[in-house]
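The structure is given below, and queries will be raised subsequently.
As the structure lists them, so they are numbered: ligands from 1, and atoms in each ligand from 1. Positions are given from 1 along the sequence.
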Amino acid sequence: MKIGSRAIFLSSAGFCIATLALHAAELPHIKMENGTGQLVVNGQPFLILGGELGNSSAGTAAEADRVVPKLAALHVNTILIPVAWDEIEPEEGSFDFSVLDHWAETARGRNLHLVLLWFGSWKNAFSNYAPSWVKSDPKRFPRAQSADGRPLEILSTLSSENRRCDSLAFAALMRHIREQQSDRETVLMMQVENEVGYLGQGRDRSPEANRMFRGPVPEPLIRTLASKRLQFPPELATHFNEQGHTWSEVFGDAADEVFMAWNYASYMEAVTHAGKSEYALPMYANAQLPAPQERAGEYPSGGPHPYYLEVWRAAAPSIDFYSPDIYWPNFDYWVQRYEIPGNPIFIPEARMESAPYNALYAYGQARSFGFSPFAVDGLTLPEKADAAKPEMMQVYELLDSVRDILPPAQAAGWTRGLVLHTTSPRPTQTVALGGYLFEATLSRSWPARTILADDGAMLILQTSLGEFYILGSGLTVSFARDPDVGAGTAGIASVEQVSRASGRWTTERRLNGDQTNQGRQLMLDPHRQQMYRVRLYSITPETQP
Ligand code: DGJ
């Protein structure tokens, strides 16, 4: 008997080792599951609890020793860190990866992962991260020009030399990562360039650009777009005329921006392809989003905005997905614009002030596999154990505790999320899940009914019939039976405040009476991010006496 069970143990251990070996050979990659994009690392969906460093926080090795432990304490599991072209290739053909290597080693030592941001030819439209041997030689490395003929500090998308040298540097970086990372999971993904696009009057006005702009739109672009007409967003649909010939004829008022989108995307395809030929990690492009009333060129014209993403997809098949950097208040609107078939949701930059709420929306409602507030290294850790933690840390601590069960629930469609602010257009918001409606309002005092929290958000995760885990703060939630699922009424069976460590749940408090408005509502803590287990019941016509 003993021998038998040992044999079973040994053979299952052998199986586990074989499975691990199999997955160790596989690179991190993107998998679409029921329309949800997952990042698969070592065979498992991986939830990025990210944080992007400030632009001047990653330039030395010593900063890694200071910043990495702090981020680990904040429950950040993945650091988004710039890698600057001028830093790794200060002289043409001679590379120095020492700072990056130290960051990677320090992160690995704390079980953290990295997403590298390639600040190559462009960062926020400009080319200030290009090495000085590039910037000081505009003859060899041509610039985009303004409408009055001035060369800008923006490398031209049309120069084959610019493209070649950026591609060589990026390929050298990817080769180096491949050679260094035997674990295959410290560097998870690459962002190619940063918030590209042309700042100026709509498009590059250099003689070369003017000549191309007057010429024909490439035939493959017209053909690909024509075959995708039914999937167009309104901005592209209203402008596309496949009978035209020149850029202006085919794209009308959008011609400048589409021309730039095609040129940036074609250039980035070359850089991405060169990098993937060395080491094929997932690679994405991020976008600076237009502010209301801005014209193309006031925001980076031709960047991967949702309006003309189909142009990017046609030109850049090596780019795995596109991501918005969201600093504007209508976070949910911009996320929804990127929820297009085949595009996984990952938010590489978000405004820190609203990030704790928006993260819950992103993971819960948009089924994002990752989220990352900008300048995360600026957060301050609490000095004493009983001092209040930054809200972002509270949210990541909760998400960290469910990081294994959240991705499968996302893929099964068993999550929802919502955000409310005092400035929201409506005072209530409702989401439907698992046969129930969850109607949320901002937390109020009793009996005065004054608003206790200016912001509130929740992520709902269903685990079984009538059982939900709700993470968040600042909301009061009422429940009803979802009439689309069937007639009847709903009620609360139980509400507990819970925590989870190493897969084990602990009930911290059973909530009753005044803390549930006499069994009628879930009242999230107005100011502290907490997790609750709510069990609901239904009375349907069949179960009525
Ligand atoms: C967006 C950029 O991508 C970041 O690098 C940073 O410059 C932020 N804007 C805000 O400062």
Quiz item: For Glu349, is at least one N or O under 3.5 Å away from an N or O on ligand 1?
Solution: yes
Atom 7 (O) of ligand 1 has as its nearest protein heavy atom Lys123 NZ, 2.9 Å
request  = Evaluate salt bridge (Lys or Arg N to Asp or Glu O under 4.0 Å) for Arg313 paired with Glu269, printing each intermediate quantity in order.
outcome  = CA-CA 10 Å; Arg313 289 173 132 189; Glu269 168 62 19; over 6 Å; no
Margin query: With a 4.0 Å cut-off on N to O distance, would you call Lys70 and Asp377 a salt bridge?
Written below: no
Taking only non-hydrogen atoms of Asn124 and a 4.0 Å limit, the atoms of ligand 1 in range are 1 (C), 2 (C), 3 (O), 7 (O), 9 (N)
| field | Pair Glu278 + Arg178, salt bridge at N-O below 4.0 Å | value | yes
Between Gln529 and Glu391, does any side-chain donor sit less than 3.5 Å from a side-chain acceptor? yes
If you scan protein heavy atoms around atom 11 (O) of ligand 1, the nearest is Phe374 CE2, 3.7 Å
Quiz prompt | Test item: side-chain donor near acceptor, Asn263 and Ser266, under 3.5 Å | solution = no
Here the atoms of ligand 1 under 4.0 Å from any heavy atom belonging to Glu195 are 1 (C), 2 (C), 3 (O)
Ranked by distance from atom 8 (C) of ligand 1, the top protein heavy atom is Tyr327 OH, 3.5 Å
